[in-house]
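Indexing begins at 1, ligand by ligand and atom by atom, following the structure's order.
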Amino acid sequence: MGSIKAIITGVAGYVPDEILTNKDMEKLVETSDEWIQSRTGIKQRHIERDPDKATSDLVVGAINKLVEKTGLDVLEIDMIIVATITGDHTFPDTANIVASKIGAKNAFGYDINAACSGFIFSLVTASKFIETGTYKKILVAGADQMSSILDYEDRTTCILFGDGGGVVLLEPNQEPDGGGIHDAVLRGDGEGAAYLHMKAGGSKKPTTVETVMAREHFVYQEGRVVFKAAIKGMSESISTLLEKNNLDIADIDYLIPHQANKRILYGVADYIGFPREKVLINIENYGNTTAGTIPLCLSDFEGNFKKGDKLIITAFGGGFTWGAVLVEWAY
Ligand code: COA
């Protein structure tokens, strides 16, 4: 590992104003507030209703808040990575649209599609550009406008997801012990694609009238398979990460998991013997915002963190993709 480490120097989250509560979901599909809360922990989710708004607007909303909080000069941004599966377009990427919208004239960027693991994959990718001294200010965003790919007639998926996202600013550390993105375990398994995907719209099955009529442009999921794989994947990657770094669970101040389902998050904690009270959870307010959950969670709990705190960020998602990242908080 080089001597330069990438540190997170700011974080902000953004969700659209409109809220869909579980009671609202009861009007759309045959479900109940009791079922949703007891099976997932979700109470509400935010939804973008404005037809002119897209995922880039979620990212811009978060960046505007970050700029306000940190005084960041957008002209100093070198690079923007956007983790998303709901980019504004199939192509081009959303990152460069974001750069234009915020006036980051000196930045370039690209998107990373790793579903719910997109933010951690992007964070690690960006940290390498910092560690090598290539760039000094990188925005790493995770955001998804999930309402654009949900079937509001399918009760097994539509109750789970919401719209939202967040962004962190990555910079080189200025002090020898200034914390940073220390290490990561990242994994993938393409066999998992069968259980969580969109059936049509890609090169394998391009969009036709028939695919639209068959409702094949929405999230398809086999929930039970994903549930088990998520607990196993996140638990194993955390254990491997701890072992690689000679750390025990007691050395970790907080676990920041991708917010998929409260039962999955407690399942991971129990599997590895991590105290439940140190697992940061905000799924009740947003549902699963896919690549957005982790920066949203970091933003909501930013006030809890102090310099030197050791965090493990973990995720599991479509692909399958999963992993865990060891972060020492820097402010
Ligand atoms: N409201 C009421 N009942 C529902 C329902 C809903 N919204 N969704 C499913 N059900 C029903 C099912 O039809 C099933 O009925 P049946 O027993 O008569 O067939 C019953 O509830 C149990 O379904 P099951 O799928 O076994 O429930 P579950 O406890 O596994 O919970 C999920 C379903 C989707 C919440 C859960 O599997 C899950 O969270 N999976 C992972 C999802 C995820 O996080 N994915 C994102 C990527 S990480």
| message | Check the orientation of Phe108 and Tyr135. Use parallel for under 30°, tilted for 30 to 60°, and perpendicular for over 60°. | response | tilted
| said: Please check whether Phe161 reaches ligand 1 - meaning an N/O of the residue sits under 3.5 Å from an N/O of the ligand, judged on distance alone. | reply: no
| Aromatic ring proximity, centroids under 6.0 angstrom, Phe305 and Phe301 | no
| Residue pair Phe316 / Gly233: nearest heavy atoms and the distance that separates them | CD1-CA, 4.3 Å
| task | Give yes if a backbone or side-chain nitrogen or oxygen of Ser32 is under 3.5 Å from a nitrogen or oxygen of ligand 1, and no if not. | result | no
| message | Using heavy-atom distances only, which candidate in Arg39, Gln259, Glu222, Lys228 approaches atom 22 (C) of ligand 1 most closely? | response | Arg39
| field | Thr31 N/O to ligand 1 N/O under 3.5 Å | value | yes
| Hey, would you say the Trp329 and Tyr331 ring centroids sit under 6.0 Å apart? | yes
| request: Report the part of Ala230 (side chain from C-beta onward, or backbone N, CA, C, O) that has a heavy atom under 4.0 Å from ligand 1; answer both or neither where that applies. | output: neither
| What do you reckon, does Thr40 have a nitrogen or oxygen under 3.5 Å from a nitrogen or oxygen of ligand 1? | no
| query | Do any nitrogen or oxygen atoms of His258 lie less than 3.5 angstrom from nitrogen or oxygen atoms of ligand 1? | reply | no
| Sub-4.0 Å heavy-atom approach of Arg263 to ligand 1 | yes
